[in-house]
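By convention in this document, chain letters (A, B, ...) are assigned in the order of the sequence lines, proteins followed by strands, and residues within each chain are numbered from 1.
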There are 2 protein chains.
Amino acid sequence: MTISDIAKAAGVSPAVVSRVVNRDKTLRIGKETRARVQKAIDELDYAPNAAARSLRSASSGLIAMVVHDVTNPVYGEILRGAQQTAGALGKAIIVSDGSHLDDRASRLLELIGGNGVDGLILQAGGVNSDLVLARAGRKSVPTVLLQAALDTNAHLVCLPDSRATQIATDYLLSLGHTRIGCLATGRELTFTRNRERGWRQAMELAGQSVDAGSIVYGHPSIEDGRASATQLIEANPSMTALLCFNVVAAIGALQAVQDRGLRVPDDLSIVAIHDIDLADHLSVPLTTVAMPLFEMGARAVELVSDKSTGFEGTTTIDTRDPELVVRKSAAAPSR
Amino acid sequence: MTISDIAKAAGVSPAVVSRVVNRDKTLRIGKETRARVQKAIDELDYAPNAAARSLRSASSGLIAMVVHDVTNPVYGEILRGAQQTAGALGKAIIVSDGSHLDDRASRLLELIGGNGVDGLILQAGGVNSDLVLARAGRKSVPTVLLQAALDTNAHLVCLPDSRATQIATDYLLSLGHTRIGCLATGRELTFTRNRERGWRQAMELAGQSVDAGSIVYGHPSIEDGRASATQLIEANPSMTALLCFNVVAAIGALQAVQDRGLRVPDDLSIVAIHDIDLADHLSVPLTTVAMPLFEMGARAVELVSDKSTGFEGTTTIDTRDPELVVRKSAAAPSR
DNA sequence: TCCAATTGGTATAACGATTTACCAACAGGT
DNA sequence: ACCTGTTGGTAAATCGTTATACCAATTGGA
């Protein structure tokens, strides 16, 4: 079923069919001719060929989204937001885990190089994100980075990261904690630095000092969270509270505390960044700071699709301020 | 950078460039000519246009995957498997949540209709899955259904569902339980029926009767699991164990029990289908039955990409048998 | 009656890559 | 000198859609 088949069936030229399908406002056409065309389209179940259309119009209606780890629930929220907006804009999303980009043959790289996607949303810092980014840059594919400023002409969309850790730290301080450790994410990531800054500022404002050994950087996974938390606890026996930059790592931290026969929050309080609904059902319900992840996904798609804005600049998602969700993992210190 | 630019730069015809890029074995070419072409490709950073290539070759290298809910961790595993295999086959995956297909304008529907995807992997039973399926069928897009037999010519890939619930039920029976309820998933889903069968068979084999009121059907979400479990508990006061068809619903069930001031496993034992790493960190670590989700995702991609097999038939993933993962949510009954 | 305008379309050239068939030049054998 | 192979490529026709420019009738007004 090509456009010419429809044209033949309706007794018009292919151009008319195309213009009917695309709702061309400049097309002048008789009532009944239009009806004939529409009928042919319906009866023959015509749908325009995607490749031909992309070729001609130089736009595919596809957006690539590369994230670190598709199994992290935090990413699920971002994707949901992205999907919703993409749906509204008539675009589809190609998802890729950073880890699958190592093959030279990666289809995603081919697509980025060959105009196969209209835009790229990249959570930088992943395995081969530089490779992707370099390719996108050379081919000038509109790119939006999630929470990671890099030296490239891409738009950056950020969460109120330093506010979030500030709020978390202030809460712990208000409970009476003074020795507050940090279980951070990758040191090279921009948002890690922002969150670290929030924590430091809050501590400083409260007149508390922090020493170098009270922050440790790790991956946002349960296992790594557990290992890093263990290390932190051993290095800082006097620490009474722990601020985790990722909720998944916090789950590992919870485990680490329990491994040592200690209790949360009695022996150690924990507050984590990012609220997920599972947080309420853990061995100790986690007190968290909720960030607008859904909105970030949505906004990223919006920005990457918007031809009017240039691709440099920073957008901070602040539709709502980070919000403290108090559960049971933080309490007043017992020592 | 089109193929002609490269051809011009290398002083050859576009045909040669194309055949070099695609490693055409039948191409006879001089050593140094090939070098010249390769140099032009590298220096000008040429990448073939995806749309043109798809148009000519009638294949996009894209696979659509539609799932119920991208935030369910169970889906994450399936996607991981799918990604890995897709990467190896040089394909990319377009992911869509069932819920975003309602807009008429959905890009995914357009792609399916217009040869924009090489195949479709569909978790049926979702919001508008029939719509997608009908479209794919009419356009004869290779389709693989996940765990849901439907009246269409699509390949079906299944998990050993009835074995899983059998194993779970046998375990509960071996602990001494006789009144075992079922928190099932959507009644219309094939895998629900298979799991239900496994449960019934195990009960029957053990000489236990089950009455109609001891099974309830719900959505795989925490909230629904909580509501459904409450209903089930109230209707069956003598029930001592609960088999949940989805681990996320089981989290809700856990909550439901605790809401009533009861304890797991003392007052009620819970076993859930699907093992996720979070299961170990819940308020009560869940005993689960692990199924090869990753393999299912991988196999689905393989099947949908394989032109040699017809698209009818059923594949059951049994690379490993369902495996009981004993944690702390099931114990001998106290009454 | 004649000159605009308007109506209702159509013809054609791209878009960029692939593939089939073809061909020129030369070497080697007899 | 003549035929046969081989080497090293090339020409041109698609794939299906869309945008630009154009055009033949008809209508309306003076």
Side-chain angles (χ1 to χ4, degrees), chain A residues 1-38 40-41 44-61 90 107 110-118 139, chain B residues 1-38 40-41 44-61 90 107 110-118 139:
Chain A
M1 270 326 114
T2 77
I3 203 169
S4 317
D5 295 328
I6 306 302
K8 234 164 274 173
V12 296
S13 73
V16 168
V17 179
S18 171
R19 298 172 71 184
V20 165
V21 167
N22 297 302
R23 294 177 174 67
D24 182 342
K25 287 300 175 196
T26 74
L27 168 65
R28 333 265 340 204
I29 192 180
K31 240 351 184 178
E32 65 235 61
T33 311
R34 180 187 291 275
R36 251 175 22 245
V37 171
Q38 194 55 55
I41 290 173
L44 298 177
D45 195 25
Y46 168 72
N49 180 287
R53 188 176 258 195
S54 303
L55 177 57
R56 189 58 234 255
S57 60
S59 130
S60 62
R107 189 80 237 284
E110 290 175 20
L111 289 170
I112 291 172
N115 244 277
V117 295
D118 294 347
K139 300 296 183 174
Chain B
M1 272 321 118
T2 78
I3 202 169
S4 317
D5 295 330
I6 306 302
K8 233 164 275 173
V12 295
S13 73
V16 168
V17 180
S18 172
R19 298 174 70 184
V20 165
V21 168
N22 297 301
R23 293 175 176 67
D24 182 342
K25 287 300 173 193
T26 75
L27 169 64
R28 331 272 306 269
I29 192 180
K31 228 22 178 162
E32 66 233 62
T33 311
R34 179 187 293 275
R36 248 172 29 240
V37 171
Q38 194 55 58
I41 290 173
L44 298 177
D45 195 25
Y46 168 71
N49 181 287
R53 187 175 258 195
S54 304
L55 177 57
R56 191 57 234 260
S57 61
S59 132
S60 62
R107 191 78 237 283
E110 290 175 18
L111 289 171
I112 291 172
N115 244 281
V117 295
D118 293 347
K139 300 295 184 176

For B:Tyr46 and B:Thr2 the tightest heavy-atom approach is CE1-C, 3.8 Å

Separation of D:dG9 atom P from B:Glu32 atom CD, nearest Å, is 8 Å

A:Arg34 CZ to C:dT7 P, in whole Å, measures 14 Å

Partner of B:Val20 under side-chain contact (heavy atoms from CB on, under 4.5 Å), picked from B:Asp24, B:Asn22, B:Val16, is B:Val16

Rounded to whole Å, the CD1-C1' distance (A:Ile6 to D:dT18) equals 16 Å

Out of C:dA11, C:dT19, C:dA17, minimum distance to the side chain of A:Ala15 belongs to C:dA11

Which of C:dA17, D:dT10, D:dT18 is nearest the side chain of B:Val16? It is D:dT10

Separation of C:dA17 atom C1' from A:Glu110 atom CD, nearest Å, is 14 Å

For a quick check of understanding: with a heavy-atom distance under 4.0 Å over all strands, which category does A:Arg28 fall into, base, sugar-phosphate or nothing? base

Between C:dG9 and A:Thr33, is there an OP1 or OP2 to side-chain N/O distance shorter than 4.0 Å? yes

- Task: Using modelled atom types only, decide if a donor and an acceptor are shared between the side chain of A:Ser60 and the backbone of A:Ser54 within a distance under 3.5 Å.
- Result: no

Result for 5'-nearest mapping on DNA chain C, choosing between B:Ala47 and B:Asp24, is B:Ala47

Check every strand shown and say whether B:Thr2 touches a base, only sugar-phosphate, or nothing at a heavy-atom separation below 4.0 Å. sugar-phosphate

Note: for B:Pro48 and B:Thr26 on DNA chain C, the residue whose nearest nucleotide lies more 5' is B:Pro48

Rounded to whole Å, the CD1-P distance (A:Ile3 to C:dT10) equals 12 Å

The nucleotide from C:dT18, D:dT10, D:dT18 with an atom nearest the side chain of B:Arg56 is C:dT18

Under 4.0 angstrom between A:Ser13 side-chain N/O and C:dT10 OP1 or OP2: yes

Testing D:dG16, D:dT18, C:dT18 for proximity to the side chain of A:Pro14, the answer is D:dT18

* Looking across every strand, which nucleic acid part, if any, lies under 4.0 Å from A:Leu55 by heavy atom: base, sugar-phosphate, or nothing? -> base

When rounded to whole Å, the CG to C1' distance for the pair A:Asn49 and C:dC15 reads 13 Å

From CG of A:Leu27 across to P of D:dT18 the rounded distance in Å is 13 Å

Review point. Which part of the nucleic acid, if any, lies within reach of A:Val12 when heavy atoms closer than 4.0 Å are counted: base, sugar-phosphate only, or nothing?
Key: sugar-phosphate

- [ ] Would you mind reporting whether B:Asp45 and A:Lys139 have side-chain heavy atoms less than 4.5 Å apart?
- [x] yes

Interatomic distance, CG@B:Asn49 vs CG@A:Leu55, rounded to 0.5 Å, equals 6.0 Å

- Short side-chain N/O contact from A:Asn22 to OP1 or OP2 of D:dT18, under 4.0 Å: yes

B:Lys8 NZ to C:dA17 P, in whole Å, measures 12 Å

Between the base of C:dT10 and the side chain of A:Arg19, is one N or O donor paired with an acceptor at under 3.5 angstrom? yes

In this structure, OG of B:Ser13 is separated from CZ of B:Arg19 (nearest 0.5 Å) by 8.5 Å

